[in-house]
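Presented below is the structure to which this report refers.
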2 protein chains.
Amino acid sequence: MLNQLNILLREENLRVTPQREAILKVLYDCRGHHLETENIYELLAARSEKGKKIGLATVYRTMELFEKIGLVSRLSMENLPARYELILQTKLIHHHLICLKCGCVQEIDDKLAEDFKNRIIDQTGFEVKDKSMKIYGYCSRCREQVKNKR
Amino acid sequence: MLNQLNILLREENLRVTPQREAILKVLYDCRGHHLETENIYELLAARSEKGKKIGLATVYRTMELFEKIGLVSRLSMENLPARYELILQTKLIHHHLICLKCGCVQEIDDKLAEDFKNRIIDQTGFEVKDKSMKIYGYCSRCREQVKNKR
DNA sequence: GATTTAAATGATAATGATTATCAATATGAA
DNA sequence: TTCATATTGATAATCATTATCATTTAAATC
């Protein structure tokens, strides 16, 4: 895993730093979860020896970098902070249903999504971001709450 | 059109105000476009007689209200401000491909989208927001730019 | 039409995630 | 080890959106 980071960074003439490795480790240990930058920052702080904290700005910068080199997938929430998830080799393609209210994330059948995505590209030339389609809406739980409010 | 506003507001025990009517008119005159709150604010300022401006906060509040009562459709951009579009009766169902980079919006075939949406609901219980599915990604033009950067 | 009351408005401060700045530090090639 | 420059950390700045609150207004009731 750290090897992969090494290779990707080398490709772009970027440096391997303890901070980047530590962040990648956190992401790996939380694989399957979708972490806010702030979460990552706190987890790093909890792990670090006293007096050796990684700056919040560094975490933001690193997440931006990791997304650019294809290590993580970024989910933009409506009002909530964005979330990141490590992209694992064993599961390169995954598509998300993201609740704009509570931020929960469900996944949908890859074949179904791929089929749809292909049809969109055929018809319009629009390419859904990277290998991960993100469909925003409301999960069943939140939809109930919205209905009750109205 | 103003009638519809009247009816919807009455249903919710809300008041019909000159500000709300003026904002609705702007949205109607710009139908088909996707306006930022700031755009709407400026258009209102241009129309108003001197010394009778509508406050920016009111525009924000009104857009939130209009979305709640189903008059407009909100498109959340990644870093850019959100955009709104009037939902017209003649075209109740429309689905968007929204470019996270430049904010351009394309539409996709309703049948294709509806079919997909129905399959999602069947499989997961997740309901895409209102009658308007919003798929985020990069349009072909911006994708080229991203590729060149890397 | 006058009275009343909660809703709405406008001006502005506050919020909060993200980005920019910049001096200090550390990486990795030579 | 040296050196150029990428990176970091601390913090200020940004900027869309929300909250606050005193003032105004819609519309129901008299």
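Side-chain atoms are counted along with the backbone in the values below, which use heavy atoms only and exclude waters and symmetry mates. Every chain is numbered from 1, with letters handed out A, B, ... down the list of sequences.
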*Full working for salt bridge (Lys or Arg N to Asp or Glu O under 4.0 Å) between A/Lys25 and A/Asp29*: CA-CA 6 Å; A/Lys25 272 184 201 153; A/Asp29 292 345; over 6 Å; no

*Would you tell me if any nitrogen or oxygen in the side chain of B/Arg20 comes within less than 4.0 Å of OP1 or OP2 on C/dA8?*
yes

*For A/Glu67 and C/dT19, what is the distance between atoms CD and C1' respectively, to the nearest whole Å?*
15 Å

*Can a side chain N or O of B/Tyr60 be found less than 4.0 Å away from OP1 or OP2 on D/dT17?*
yes

*asked:* Is there a side-chain contact between B/Leu86 and B/Leu24 in this structure, where contact means two heavy atoms from C-beta onward sitting under 4.5 Å apart?
replied: yes

_Protein-nucleotide distance (A/Leu5, atom CG; D/dT7, atom P), rounded to Å_ = 11 Å

*asked:* Between C1' on D/dT7 and CG on A/Asn13, what's the gap in Å once rounded to a whole number?
replied: 14 Å

*Does a side-chain N or O from A/Thr17 land closer than 4.0 Å to OP1 or OP2 of D/dT8, or not?*
yes

*Do the charged groups of B/Asp115 and B/Arg119 touch, with an N to O distance under 4.0 Å?*
yes

*asked:* Between P on D/dT25 and CD1 on B/Ile54, what's the gap in Å once rounded to a whole number?
replied: 13 Å

_So, OP1 or OP2 of C/dA26: does either fall under 4.0 Å of a side-chain N or O from A/Gln19?_
no

*Tell me which of B/Pro18 and B/Thr37 sits closer to the 5' end of DNA chain D, going by the nucleotide each one is nearest to.*
B/Thr37

*asked:* Can you measure B/Glu21 atom CD to C/dA8 atom P for me and round it to whole angstrom units?
replied: 14 Å

*Residue closer to the 5' end of DNA chain C, B/Leu56 versus B/Leu14 (nearest nucleotide)*: B/Leu14

*asked:* Using whole Å, what does the distance between atom P of nucleotide C/dT18 and atom CG of A/Leu75 come to?
replied: 12 Å

*Assess whether one donor atom and one acceptor atom, taken from the side chain of A/Arg61 and the base of D/dG9, lie less than 3.5 Å apart.*
yes

_Most 5' of B/Arg10 and B/Ala82 on DNA chain D, judged by nearest nucleotide_ = B/Ala82

*Test B/Val72 against every option in B/Leu27, B/Thr62, B/Ile23 by the side-chain contact (heavy atoms from CB on, under 4.5 Å) rule and name the one that passes.*
B/Leu27

*Hey, is the side chain of A/Arg15 pairing donor to acceptor with the base of D/dT5 inside 3.5 Å?*
yes

*Nearest whole angstrom, please: distance from the C1' of D/dA16 to the CD of B/Glu42.*
14 Å

*asked:* Are the side chains of A/Leu56 and A/Glu38 in contact, using a 4.5 Å heavy-atom criterion?
replied: yes

_Starting the side chain at C-beta, find the nucleotide from C/dG28, C/dA17, D/dA10 nearest to A/Val16._
C/dG28

*Answer yes or no: does a side-chain N or O of B/Thr58 lie under 4.0 Å from OP1 or OP2 of C/dA8?*
no

*Let me know the distance between CD1 of B/Ile40 and P of D/dA16, rounded to the nearest Å.*
14 Å

